[in-house]
2 protein chains.
Amino acid sequence: MATILIVEDEADIRELVRFHLEREGYAVLEAADGPDGLEKAQTHLPQCVILDVMLPGMDGFEVCRRLASGETTAQIPVLLLTARGEEVDRVVGLSLGADDYVVKPFSVRELMLRVKAILRRTEQGSRAPSLSRNGIVLDGVAHCVSVDGAMINLTATEFRLLEDLMRHPGAVRTREQLLNTVWGYSFEGYARTVDTHVRRLRQKLGDKADMVETVRGVGYRLHA
Amino acid sequence: MATILIVEDEADIRELVRFHLEREGYAVLEAADGPDGLEKAQTHLPQCVILDVMLPGMDGFEVCRRLASGETTAQIPVLLLTARGEEVDRVVGLSLGADDYVVKPFSVRELMLRVKAILRRTEQGSRAPSLSRNGIVLDGVAHCVSVDGAMINLTATEFRLLEDLMRHPGAVRTREQLLNTVWGYSFEGYARTVDTHVRRLRQKLGDKADMVETVRGVGYRLHA
DNA sequence: TGGCATGGTTACAATTCCGTGACAAGCAAT
DNA sequence: ATTGCTTGTCACGGAATTGTAACCATGCCA
C-alpha cells in the first residue's frame, strides 16, 4: 500500500501517528528533522508527507519549498502540522505547494481522514473507473454491473469477487487470493465459501456464466 | 485577465489566496473589512468577489446583500468563505445571491477550482450553478430545491446531503465519504446518522424519493 | 469399472444491513 | 419559560445477504 513519511521532531507524536497510520495499512517512514526528512523524501518518494512546521535544522517551509522545486519530489502532496498561532507560517507553507494542513493539537482521527482524502485525490487519475470484458461491464464508481447492456443486481460480495476477477483477466485466482482480496486478510473461514459465491455470480451473469472459468485444482479465472 | 477582490480580515489568509490567484494569472484586490470591500467592489467592479462572512465593520451577509441590490454590482458573482458551524447553516438557509461557498479551513486547490468555475460560468453568460436531475432542481444561488417545479423545504444538513449526491450523479457515495463532505472531517459520530438524514430527505422528495438509491453494503447513490 | 478428489448445487440458520419511529439535547424565536 | 425546529442517537423488526454443511455430479487415475 502507500508509503507515508512523517517529519516531526517530537518522538511521541511521531509514534502516535505512526501507530495509527500502520493500523490503516500504510507503510511509514520517520524523520526527526528537516534535512533528514528532505533526504528520506528524495530517496523513498513516499505518496504523502506529513510535515511539522517547527523543525530543528530546517523548518517545514524550507522543506516544503525544496520538495516543490525538486524534479522528482514536486508531485508529492504535503500535509502540514502547524501549532495554533502560527497562522502566518501556515500561509507561507501553503503557498509553497502543501495540500492541506491540520492545526495542533489535532485529532488523530481527523488527521487520518485528511491523509486518506489526499491519497484519494492523487490516485484518482491512475484508477480505472470501469472494467469491461466481452459484454460484461463493471463500473466501480457507480457500483453497478451490466451484461450485454442489461443491468444485473449483484450483492457487495459478488461485486468485489467479480471486480477481482476482472482486474486479472485471464489469470487464475486461487481461493486463497480471492479470500484475501475479496474477504480481507482477517477472514478466517472455509475456503469453499468462494465456490458458493462463484455459483451465485454465475447465476446472475446468465448466458455469460462461462466467462468465469473453473481451473480444476487451482481456482477460478475470467475468460480472456 | 480577470480581476478578483478578496474581502477578508485575516491578513494571512488574504496573502494565501492572493498568492494562488496571482499564480493563476488573475489581478487581485484586497480589503480587510466590510465597508472597504464594498467600496472597492463599487469602484473597481471586479469579475468576482471572495467574501469572508466574519468581518469587522459589516458582516459578509450584509456586504453580499448590498452588492446584490446595487445597480452596477448586482452582476458580480460572490464566493463566500465561512467557518464550519452555524454559519454554514445560515448561508444555506438564507437567499443571499451568493454563487458558491467554501467552508474554512478550506483546501486552496478547491477554492481555486471554484473561482475558475464561477468565472467560466459568467463568461459564458450562464449563471446559476443549479444542479438538476430528473425533476429535482437544486439551486446553489438561492439555496433552494424544487421537485417537479414545486419548492420543498430542506434543512441545512439535508441540503448539503442532496448537494453532495447531485454533484456525483450516478456515483456511489459511501457513508464515510458523505460524513466527510457533509458533516466534515471533525465529526466523530455514528455512521448511521447518514441513514436517518437520507430518510428525511426521501420523505421530502415525495414521489421522487427513489432517486436516492440505496446500494446495500456500500452507501447511497443518486439515480443517473 | 471403482475409488478418490474436486467442484456444483441446494438448503438453511446466523448474521448483517437498512428503514422506521421515537426521543432527547441543542438552539432560535417568542 | 415555552414552543417549535433541527439534529444525532438508539432500538426494533423485516428483509437481504452470507457462511456453512450436506449431498450430487463430474473428472481423473489406476
Side-chain angles (χ1 to χ4, degrees), chain A residues 109 143-145 152-162 164-165 172-176 178-206 209-221, chain B residues 61 83-94 143-145 152-162 164-165 172-176 178-206 209-221:
Chain A
R109 189 191 130 80
H143 213 272
C144 61
V145 176
I152 60 173
N153 198 5
L154 298 188
T155 70
T157 307
E158 288 156 7
F159 186 89
R160 289 198 303 273
L161 176 59
L162 180 60
D164 182 283
L165 291 172
V172 183
R173 306 290 289 161
T174 67
R175 290 185 177 75
E176 290 299 318
L178 291 169
L179 283 176
N180 285 342
T181 61
V182 177
W183 278 263
Y185 289 100
S186 53
F187 179 80
E188 295 179 16
Y190 195 35
R192 293 217 41 206
T193 296
V194 177
D195 297 31
T196 304
H197 283 269
V198 166
R199 167 156 182 293
R200 290 171 181 155
L201 179 58
R202 280 173 173 158
Q203 232 169 14
K204 296 191 181 177
L205 288 178
D210 43 8
M211 282 292 291
V212 180
E213 299 174 322
T214 303
V215 182
R216 202 180 166 80
V218 188
Y220 294 95
R221 169 178 63 192
Chain B
F61 296 125
R84 186 165 288 284
E86 324 85 55
E87 282 185 18
V88 182
D89 300 350
R90 276 206 284 162
V91 172
V92 171
L94 294 176
H143 289 292
C144 62
V145 176
I152 60 172
N153 195 9
L154 297 188
T155 69
T157 308
E158 289 154 7
F159 185 89
R160 289 200 301 276
L161 176 59
L162 181 60
D164 183 284
L165 291 172
V172 179
R173 307 289 290 159
T174 66
R175 291 185 176 72
E176 286 68 32
L178 291 169
L179 284 177
N180 287 344
T181 60
V182 177
W183 280 263
Y185 291 107
S186 48
F187 178 81
E188 301 189 13
Y190 194 35
R192 295 226 26 216
T193 295
V194 176
D195 297 32
T196 302
H197 284 270
V198 165
R199 173 169 158 279
R200 290 170 182 156
L201 180 58
R202 279 175 174 159
Q203 249 170 3
K204 297 191 180 178
L205 288 178
D210 42 8
M211 283 293 290
V212 180
E213 300 173 320
T214 303
V215 182
R216 191 167 234 278
V218 187
Y220 293 97
R221 170 178 63 192

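Computed from a prediction, not measured in an experiment: that's the story for all the values here. We name chains A, B, ... by the order of the sequence lines, and we start the count at 1 in each one. Only this structure's heavy atoms are used, side chains among them; waters, hydrogens and symmetry mates stay out.
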Atom [atom1] of [X] and atom [atom2] of [N]: how far apart are they, to the nearest Å?
{"X": "B:R175", "N": "D:dT9", "atom1": "CZ", "atom2": "P", "value": "14 Å"}
{"X": "B:Q203", "N": "D:dT7", "atom1": "CD", "atom2": "P", "value": "14 Å"}
{"X": "A:L179", "N": "D:dT18", "atom1": "CG", "atom2": "P", "value": "14 Å"}
{"X": "A:R221", "N": "C:dG7", "atom1": "CZ", "atom2": "C1'", "value": "15 Å"}
{"X": "B:D195", "N": "D:dA16", "atom1": "CG", "atom2": "C1'", "value": "15 Å"}
{"X": "A:E158", "N": "D:dT17", "atom1": "CD", "atom2": "C1'", "value": "9 Å"}
{"X": "B:N153", "N": "D:dT6", "atom1": "CG", "atom2": "C1'", "value": "12 Å"}
{"X": "B:R199", "N": "C:dA22", "atom1": "CZ", "atom2": "C1'", "value": "10 Å"}

_Any side-chain to backbone donor/acceptor pair from A:R109 onto B:F187? Under 3.5 Å, distance only._
yes
Check: Do the side chain of B:R160 and the main chain of B:V182 share a donor and acceptor less than 3.5 angstrom apart?
Finding: yes
From the list A:R200, A:K204, A:Q203, side chain to side chain donor-acceptor pair (under 3.5 Å) partner of A:E158 resolves to A:K204
Is the phosphate of [N] approached by [X] (side-chain N or O, under 4.0 Å from OP1 or OP2)?
{"X": "A:T214", "N": "C:dG8", "result": "yes"}
{"X": "B:Y220", "N": "C:dC17", "result": "no"}
{"X": "B:T157", "N": "D:dT6", "result": "no"}
{"X": "B:W183", "N": "D:dT7", "result": "no"}

Discussion item. Below 30° counts as parallel, above 60° as perpendicular, anything between as tilted: where do the rings of A:W183 and A:H197 land?
Written reply: perpendicular
Worksheet item: Is there side-chain contact between A:R175 and A:T193, with at least one heavy-atom pair below 4.5 Å?
Response: no
Note: for B:G217 and A:V198 on DNA chain C, the residue whose nearest nucleotide lies more 5' is A:V198
Heavy-atom contacts, protein to nucleotides 20-30 of chain D, under 4.0 Å, summarised as B (base), S (sugar-phosphate only) or - (none) per nt, yield B------B---
For B:R216 and A:A156 the tightest heavy-atom approach is O-CB, 4.0 Å
From the list A:D164, A:V194, A:V215, side chain to side chain contact (heavy atoms under 4.5 Å, CB included) partner of A:Y220 resolves to A:V194
